[in-house]
Amino acid sequence: MSNNQTAAKGFWVPSRSDEVHVQPGDQLDVVREYPDGWILILNGAAKGFAPKVVIEGVSVGQGRPKPRHESLYTKDLISIDPLSPGKEGAPSDSDALKGRIKAKIKSLLGVAEARAQTPSNCGSLKIMVAGDAGIGKTSLIHAFTLSDAFVQHGPITSLDNTMSVSPKISELKASTIPPSQLRFGEDPNNITFVDTPGLGSFMDAMMVIKPVVEYVEAQFRPTNTLFSPHIPTQKLVNLLKSGTGSHSHVDVCIYCILHRLKPVDLEYMRLLSGNVTVIPVIIKADTMSAQEVFELKRVVIENIAKANIPIYGFGLGEQDLIDAARLKIAGAVPFAVCSKEREYGKCLDETELLKRGLFSNNVWDIRTLTAERFSAWRLRQ
Ligand SMILES: Nc1nc2c(ncn2[C@@H]2O[C@H](COP(=O)(O)OP(=O)(O)O)[C@@H](O)[C@H]2O)c(=O)[nH]1
Ligand SMILES: [Mg+2]
């Protein structure tokens, strides 16, 4: 053990390609410390940045570290080679697999960064949140709109609902475009959140599932009337993925799971996945130990795979997601999220990754999928 080696006390889930995964107990070599709360470290074979709280432990009131000033550090990061063998000799099979998956997560972040948007120019996006009742769905939407990327958000508006006993679906308009960047006549509200009632609020889960699934499909109908039935599929997809907000299709459904996966969750996700990109998340991550989160990730991802439900893995395939959950590698779907004010680094928290994925790195990919789903739906009519 070298002199400046230290055991990690907190978590860090990288959301950029030059950062490294850290979990409590990892033996870290601290290469350099910076005045704004970041450190350059070696964690096994991986070299990169992490916030200093991972070695200091968390103290009450500690917030998220400030963003790094890239130019200050880049020269220190000579190379990142997560696939190089560790210092302890030949890696075991499981170490090699871990290295491969971590490298994949890292390279995805890197590749995506090259084409990344910023939240202010991410274009229009409609994000639905669904799952059981009272588990933090509405709080997650508010946590998103209160983050730095958002400049304003409007009141939650309830949709008109003519059915007598029917749960309410609400839309929340929000903006990531600073007023100074707004073009004349442009709608500032580029982001729409769709809040849905929870499964448990009605005796019969279908009372919730049916209207939500129908809401998703209903968004396709007005667009359908705008295009000739003979327009080539690729042309239609190219027109619709542009991000100018000319339609109201739901781009993603964040499906929230608390503490355990129920058969009804699988059925709900299966029905949604026909017309919308589903991203499962583990909600209220602060109420679980990291061990419990990883175990739930494994159960969720294995059952989704067994049930053949297509979900969005932010570039990682089904087998990678299963391996990541099994080997307890942070940074893979289902992301663990938390909307509560908390001490940073104390729980496994991948909220930043979800935000970055949705509003920056993967936004084009997600919109393309929405356009392809619309086009497939149209062919089925
Ligand atoms: N510990 C913890 N509590 C949360 C979190 N998110 C929401 N809550 C609490 O969970 C309760 C239900 O939240 P709400 O957003 O209304 O749930 P919904 O019915 O699913 O929309 C509220 O008391 C929230 O304060 C979280 O990330 N961690
Ligand atoms: Mg709610």
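The residues of the chain are indexed from 1 along the displayed sequence. Both ligands and their constituent atoms are indexed starting at 1 by order of listing.
Looking only at distances, a side-chain donor or acceptor of Glu350 sits under 3.5 Å from a matching main-chain atom of Gly331. Gln381 places a side-chain N or O within 3.5 Å of a backbone atom of Trp377 that can act as its donor or acceptor partner.
Checked by distance only, ligand 1 and Ala133 stay at 3.5 Å or farther apart across all their nitrogen or oxygen atoms. Checking only distances, Ile135 does come within under 3.5 Å of ligand 1, N or O to N or O. In terms of polar-atom proximity, Asp195 is not counted as a contact of ligand 1, lacking any N or O under 3.5 Å from an N or O of the ligand. At least one N or O atom of Gly134 sits closer than 3.5 Å to an N or O atom of ligand 1.
With Lys137, Lys340, Lys284, His142 as candidates, the residue nearest to atom 20 (O) of ligand 1 on a non-hydrogen basis is Lys137. When the heavy-atom distances from atom 6 (N) of ligand 1 to Ser139, Cys256, Pro197 are ranked, the shortest goes to Ser139.
Taking 4.0 Å as the cut-off, Ser339 counts as a neighbour of ligand 1 on heavy-atom distance.
Within ligand 1, counting atoms from 1 as listed, the ones closer than 4.0 Å to a heavy atom of Cys338 are 27 (O). In the vicinity of Thr287, heavy-atom distances shorter than 4.0 Å reach the ligand 1 atoms 1 (N).
In this structure, Phe359 and Phe144 have perpendicular ring planes: the angle between them is above 60°, well past the 30° mark.
More than 12 heavy-atom neighbours from other residues, nucleotides or ligands sit within 6.0 angstrom of NZ on Lys355.
There is a protein heavy atom closer than 4.0 angstrom to atom 27 (O) of ligand 1. By the definition of a contact as any protein heavy atom under 4.0 Å away, atom 8 (N) of ligand 1 is in contact. Distance check for atom 4 (C) of ligand 1: a protein heavy atom is found below 4.0 Å.
Residue side and main chain included, Thr138 places an N/O/S atom under 2.8 Å of the Mg ion (ligand 2).
Ionic pairing of Glu352 and Arg356 is not present here: no N-O contact between side-chain nitrogen and carboxylate oxygen is shorter than 4.0 angstrom. A salt bridge is defined here as a Lys NZ or Arg NE, NH1 or NH2 lying under 4.0 Å from an Asp or Glu carboxylate O, and Glu171 with Lys126 meets this definition.
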Step-by-step salt bridge (Lys or Arg N to Asp or Glu O under 4.0 Å) determination, Arg100 to Asp323: CA-CA 10 Å; Arg100 264 202 305 279; Asp323 288 338; over 6 Å; no
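Results of the side-chain contact (heavy atoms from CB on, under 4.5 Å) test with Val212 over Leu271, Val194, Thr196 single out Thr196 as the only residue that passes.
If you look at Asp286 next to ligand 1, the close heavy atoms, those under 4.0 Å, all belong to the side chain.
Closest to atom 17 (O) of ligand 1, if we only count protein heavy atoms, is Gly136 N, 2.8 Å.
The minimum heavy-atom distance linking Gly131 with Tyr268 is given by the pair N-CE1, 4.1 Å.
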